[in-house]
Amino acid sequence: MCTIGSAVFDISAPEYIIGDPFEIEPQSISSLRSARKRVCIVGEVCSFKCEEARGGGGMFITFGIFDGNATIEVRTRRLEAEDAQEISDTISNGMIVAAVGDVRPDKNSPDMLFYYSAIAKIKRLPREDTAEEKRVELHLHTNMSAMDALISPADAVNTAKRWGHKAVAVTDHANVQGFPEAMIAAEKAEMKVIYGLEAYFVNDSASPLFGEWDRAFSDEVVVFDIETTGLSVVTCKITEIGAVKIRDGKVVDRYSTFVNPECHIPEEITELTSITDDMVKDAPTVREVLPEFLAFVGDDLLVAHNAGFDTGFIRYVAKEQGIEFDSPYLDTVALSRYVNTDLKVHKLDAVAKYFGLGDFNHHRAVDDAEMLGLIYLKMLEKLEKFGIEDYGRLVSEIHANTDPLTLKTYHMIILVKNLTGLKNLYKLVSLSYLKYYRRVPRIPKSELDKLREGLIIGSACEAGELFSAIVDNRSDSDIEDIASYYDYLEIQPIGNNHFMVDEGRVPDEEALRDYNRRIVAIGEKLGKPVVATSDAHFLDPEDEIYRHILLAGMKFKDADKSCPIYFHTTDEMLREFAYLGEKKAHEVVIDNPNAINDMVEEVRPIPKGSFPPHLDGAEEELTEKCWTRAHNMYGDELPEIVSSRLERELGSIIKNGFAVLYVIAEKLVHFSESQGYLVGSRGSVGSSFVATMAGISEVNPLPPHYYCPKCRYSDFSNPDKVGSGFDMPTRNCPVCGEKLAQDGQDIPFETFLGFYGEKSPDIDLNFSGEVQGRVHKFTEELFGSENVFRAGTLGTLADKTAYGFVAKYFESKGESVCRAEADRIISHCVGVKRTTGQHPGGIIVVPREKEVYDFTPIQHPADDPKSDIITTHFAFSYLHDTILKLDELGHDIPTKYKFLEKYSGISVMDVAMNDRTVYELFATTESIGIPQMDVTDKETKMLGLMIGTLGLPEMGTSFIQQVLVDAKPKNFADLMQISGLTHGTDVWLGNAQDLIKNGICDISHVVGTRDGIMLDLIRYGVDKNLSFKIMEMVRKNKKGKPIPEEMVAAMREKEVPEWYIDSLRKIKYMFPKAHAAAYVMSAIRLGWYKVHQPVAFYCAILTVAPEGFDATVVARGRRAVVDTMRDINARWNDATQKEKDLFGAMQFANECMLRNIKFLPVSLEHSHAKEFLPEDGNIRMPFMSLPGVGENAALAIMNAREDEPYFSVEDLQLRAKLNKSVIEILRTNGVLDRLSETAQISMFDLF
DNA sequence: CAGTCGTCATCGCCATC
DNA sequence: ATGACGATGGCGATGACGACTG
Ligand SMILES: Nc1nc2c(ncn2[C@H]2C[C@H](O)[C@@H](COP(=O)(O)OP(=O)(O)OP(=O)(O)O)O2)c(=O)[nH]1
Ligand SMILES: [Mg+2]
Ligand SMILES: [Mg+2]
Ligand SMILES: [Zn+2]
């Protein structure tokens, strides 16, 4: 055993993994400040990296060793690939090691580096809960508490499990987004989770009137105010009391006196109140004043502004003097909020001004009381106008009319007891986000009362209602009223509230303990269990720094203040609450939390099973539609291949509940087309022939075939064994002589739904961005807005932002950390919730017989109450296997189609799929009239002119162009394969490309589409279902998880070649063939316009996707365009994203200019706001192509031009409401050249 | 006339297909 | 200098500008 700071390492059984065994006598890393030989260190491996050495020729490995306190960067010498691999296999992040080696300073930084000679694996003892009887944590924040907490739900669950706790609660701020991860971890660890949250509770049934008082307004009341030496009841004293007695709307008596506080009045208070030490030094003390004042009050109602404060002080001193004080009182702040709804600020002077009551000496009790008296009468007058004339009526009216959005929020813990409670909680969360959101989602008492079944309510922390009432020194009966609403009361460690001492709100820690003692006493009196909770925001004490970084990143002033809110063990808690006595401590730490846990049933936040929607007649409708369409295409007597495929697919689709989705999708396509926008095909659904027949997908997955559009003859023989129907020679119908249509991409249905419907795919559709919103609305109409929701997303703190936060944090502290340490800290900060958003197109469909609350709460994206979009509270990925989704994505291709048709007058659907000149685009620039340049010349490549694919979707990037040049595709099938090979990391480079280069196989046999994987494996003899599973695992493996041993073994058993298995291992993502087919089809279509309708092509592409296009560069001519590209290209890695976009646009513009199509300058008369318009064989650039002229300005210029031409710059600025920067941009770009500055000229003309 | 608030344009980052 | 998956859009921050307000 050895200790470094608070970290304890077990070195009793070292496992020597690199180098010779050595004696483990570690130094603390922070002590290594200078070069030393043969030092031993221990710690956790972090930030492990294995990189190719610069300039090739070997590898470098770097990692950090973190000993719980400091990190040192470890480097290796230059290594051979095999050695590097061996080390990578032995050492990994999170491993605890001891190492010996030399410490040397880094040449390039102030840090020290460690060069090891030997490494041993050891253990670090984590914090353990060794208590006999364990506590249960009922208040814990996961990293789903936005920018506030760091515990991953899995860590919470696993730590509690390791500690032997029976359960652990997940209680994030206002949301339940930690539930799904907690559920997954809990099921894996067989652990119980108590699901809950920490709500922002508002008491909308609170009234401004405290205590019993239901007389008429005309009865006598005492309006009063006090001045004090500060805000805290405990540490501050009264300096002045002022009061007026009011009866029948008139002041009938007054009381006013200074009070000697018997202490110094702080300067800032004197400044505010103008009450000095001098003024009060001869005044009576509160011991004399209080009885006098209370006698003045008698049995009257007390009225004060923020009365809790004033009565709190009076009550405190009364108690000190052994005088009973329980007068009813009314708070005019609350009353003003209710009466003066048009007022935002309800401070005394603001309200006085509001009623026009003139100036007064604010912050002097005598004057404030007088003024408040007047205000009070005004408010009563106002109420009387509404027929409210007594206090009883007032209270009931207020209850009925309070706006929860204006009330003070209190923290409150809500735990889920059972499934009823879970659903109620989801409803409450939804309400809080959708209806009661202001700054935070609020849960009003009135709603909670309605939905309280199945929920357990706890009093939460210092920001809870109970704790606040105690701090404010509210009356015993008030406090007990509050406490009685809760099912249990919470107390927390002193450290949690220590900030109150620091801020001077309480004198010392003892006062904090007194608060906890008070809560314990209240619990005893009311019979409410009191439980001790951590209010954990991070797991271990040493993790506090990560929270500081988060808070500092959010620019919080007090970010670096210590607040040790870690997950406490039982013993830590028992020690913490020892001051309550051993027995009581045991009760609040162990017994009561366990008792609460015993009330809680185990529930699953997302139900098991899948819940497809139903729609009467959907199955029949789909079936009918498909057969009809099939007969229309392939004849009355369907070829076997067609009918058997239809039957098989329909069976599977209907059985797995997908028919409804098909039917809805079909209606959506119809809807979009009715709006004038074609729909782009996408995704695995193109593997379904039913989708083709239903018109959802234009990909035909049948084998290559001919069919006659006239007589419905068909031929599936495919004698040339081509890979795509589009690649067959053209033929005329042997029956009727008509030219035959050709189609068929040969795709298995199973890519979509699996062999046994074991997959939960979605249906993907590409809609023009211009109709996407309408399509979403239409889906709601089709299936009901109660059942259709946009999927929500969760935005988290990821690498780059975390890096910025960490850098900023240490910079502001004037400290520096080594890269390994920075990376380690970053890795701990990553994953914390920041915001919510909307899924690109995912629309989930809840079956009619269910409610959305059976699956997830709902909310607005980014919590924005003004948004008219409602999203699922849970990210879709967690609902993936439970409910179905339609992916109604936005895409530019359908919009491009629209503009191509508009500018060329040629229908997209008439474009042939087998025009040779179009295929030539993928091999040369000749077919667009640009003489072929040398493809081996770097300049050619830079210009993007090795081939003619610039502007073709997903075919025009440098990378893909290079692959096309190398692979020389000849037909549609080749292009599909290349499409697959060029979409995904480690698919082509370092994988397929090498296999081809090394002659191991040719391009048609490398892994290019995911369907290929399944079919290849089946061909090798691997079980078809396992083949399917391997395909599914390989196709999205972004993190590079290894293929499970049993899968590898099954492949080896069937003699699947090692290179093939290796290839699969590397793949990070892979297209389904259907998607490749759909995208190549659109590339071919756009290519046709590129060859045959160039002006329309360039106009359409630029109009729809103008990113990076800069009219100021293009206007300077082709030279300038090329120079700009050269410049950016020369410093590519330092170029900004904007410059990279500009580069792409300039490639495209250059190609266009080489085809003798000119870009005409932006023109006040001729330019469109955003469209690049064809103009006499050239292209007129739009206003928006000028950087700095945004959509609004551009549209304004165009729209105001409609009425009459602009006759001066002034006229333009006025009519189009342009600001001066836009005018300047227009001026410098010559747009205003022919316009006079003001209307003077025309004025002149009049005379 | 300084301060505040909303709007617009743009950018970096992030999530997702 | 290298290598490189492509595309789309939402959210938050920032800065310039101008209207409004006390
Ligand atoms: N280039 C590229 N395209 C992607 C990526 N992810 C998805 N796509 C494209 C290709 C997919 O077929 C299409 C639809 O995505 P989905 O997530 O719905 O997956 P897909 O339909 O392929 O399979 P599914 O059966 O729905 O699980 O979007 C990606 O990472 N890169
Ligand atoms: Mg899909
Ligand atoms: Mg999808
Ligand atoms: Zn025919």
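Per chain, numbering begins at 1; letters A, B, ... match sequence-line order.
- Separating the CD atom of E1107(A) from the C1' atom of dA7(C) is a distance of 10 Å, rounded to the nearest angstrom.
- The interatomic distance linking I1128(A) (CD1) with dA1(C) (C1') rounds to 18 Å, in whole Å.
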Intermediate values then yes/no, side chain to side chain donor-acceptor pair (under 3.5 Å), Y1069(A) and R1035(A): CA-CA 5 Å; Y1069(A) 173 76; R1035(A) 67 121 151 170; 5.9 Å; no
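- Looking at heavy-atom distances under 4.0 Å, K1068(A) makes no contact with the nucleic acid at all.
- Both A862(A) and K938(A) sit near DNA chain C, but only K938(A) has its closest nucleotide nearer the 5' end.
- Using a 4.0 Å heavy-atom cutoff across all strands shown, L989(A) reaches at least one base atom of the nucleic acid.
- Ring planes of F1071(A) and H983(A): parallel class, angle under 30° (limits at 30 and 60°).
- Within a 6.0 Å radius of NZ in K1217(A), no more than 12 heavy atoms belonging to other residues, nucleotides or ligands are found.
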Side chain to side chain contact (heavy atoms under 4.5 Å, CB included) assessment of Q838(A) paired with T793(A): CA-CA 5 Å; Q838(A) 23 188 329; T793(A) 61; 5.8 Å; no
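- Within residues 940-955 of chain A, no residue has any heavy atom closer than 4.0 Å to DNA chain B.
- Using a 4.0 Å heavy-atom distance criterion, W988(A) is classed as making no nucleic acid contact.
- The nearest whole Å value for the distance from the CZ atom in R682(A) to the P atom in dT16(B) is 14 Å.
- Between H362(A) and F360(A), the ring centre distance stays below 6.0 Å.
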List the steps and the verdict of salt bridge (Lys or Arg N to Asp or Glu O under 4.0 Å) for D148(A) and K833(A). CA-CA 8 Å; D148(A) 192 40; K833(A) 174 183 170 183; over 6 Å; no
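- For the P atom pair drawn from dC17(B) and dA4(C), the interatomic distance equals 25 Å after rounding to whole Å.
- Counting distance only, with no hydrogens placed and no angle test, the side-chain atoms of R834(A) and the base atoms of dC11(C) include no donor-acceptor pair under 3.5 Å.
- Atom pair H860(A):NE2 and dG10(C):P shows a separation of 16 Å (rounding to whole Å applied).
- The interatomic distance linking Q1137(A) (CD) with dG6(C) (C1') rounds to 12 Å, in whole Å.
- Rounded to an integer number of Å, the gap from H839(A) NE2 to dG9(C) P is 14 Å.
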From CA spacing to verdict: side chain to side chain donor-acceptor pair (under 3.5 Å), K941(A), Q961(A): CA-CA 8 Å; K941(A) 181 165 179 175; Q961(A) 288 196 332; over 6 Å; no
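- Note on T801(A): every side-chain N or O is 4.0 Å or more away from OP1 and OP2 of dC13(B).
- Of the two residues contacting DNA chain B, namely K800(A) and G841(A), the nearest-nucleotide position lying further toward the 5' end is that of K800(A).
- Side-chain atoms of Q859(A) and Q177(A), non-hydrogen and from C-beta on, do get closer than 4.5 Å to each other.
- Each end of the helix from dC1(B)-dG22(C) to dC17(B)-dG6(C) gets its own axis from five base pairs, and the two axes differ in direction by 20°, given to 10 degrees.
- Distances were taken from every side-chain heavy atom of T796(A) (C-beta onward) to each of dT16(B), dG6(C), dC14(B); the shortest belongs to dC14(B).
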Report the C-alpha distance between L1086(A) and L900(A) in whole Å, list the side-chain angles of each, state the deciding distance to 0.1 Å, and finish with yes or no for side chain to side chain contact (heavy atoms under 4.5 Å, CB included). CA-CA 8 Å; L1086(A) 296 193; L900(A) 284 171; 3.3 Å; yes
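- Contacts between residues 976-987 of chain A and DNA chain C, defined by a heavy-atom separation below 4.0 Å, involve T982(A), H983(A), G984(A), T985(A), listed by number.
- Within a heavy-atom distance below 4.0 Å of DNA chain C, the residues of residues 878-893 of chain A found are G890(A), H891(A), D892(A).
- Protein atom CD of Q772(A) is 11 Å distant from nucleotide atom C1' of dG10(C), rounded to whole Å.
- Taking the side chain of T1136(A) as heavy atoms from C-beta on, and the options dC17(B), dG12(B), dC14(B), the nearest nucleotide is dG12(B).
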When you check every protein heavy atom under 4.0 Å of nucleotides 3-8 of chain B, what one-letter string (B, S, -) results, 5' to 3'? -----S
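- Between F1143(A) atom CZ and dG6(C) atom P there is a gap of 14 Å when expressed in whole angstrom units.
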For nucleotides 14-22 of chain C, just jot down a letter per nucleotide in 5' to 3' order: B, S or -, based on protein non-hydrogen atoms under 4.0 Å. S--SS----
Side chain to side chain donor-acceptor pair (under 3.5 Å) for S152(A) and E181(A)? Distances and angles first, verdict last. CA-CA 8 Å; S152(A) 75; E181(A) 287 285 349; over 6 Å; no
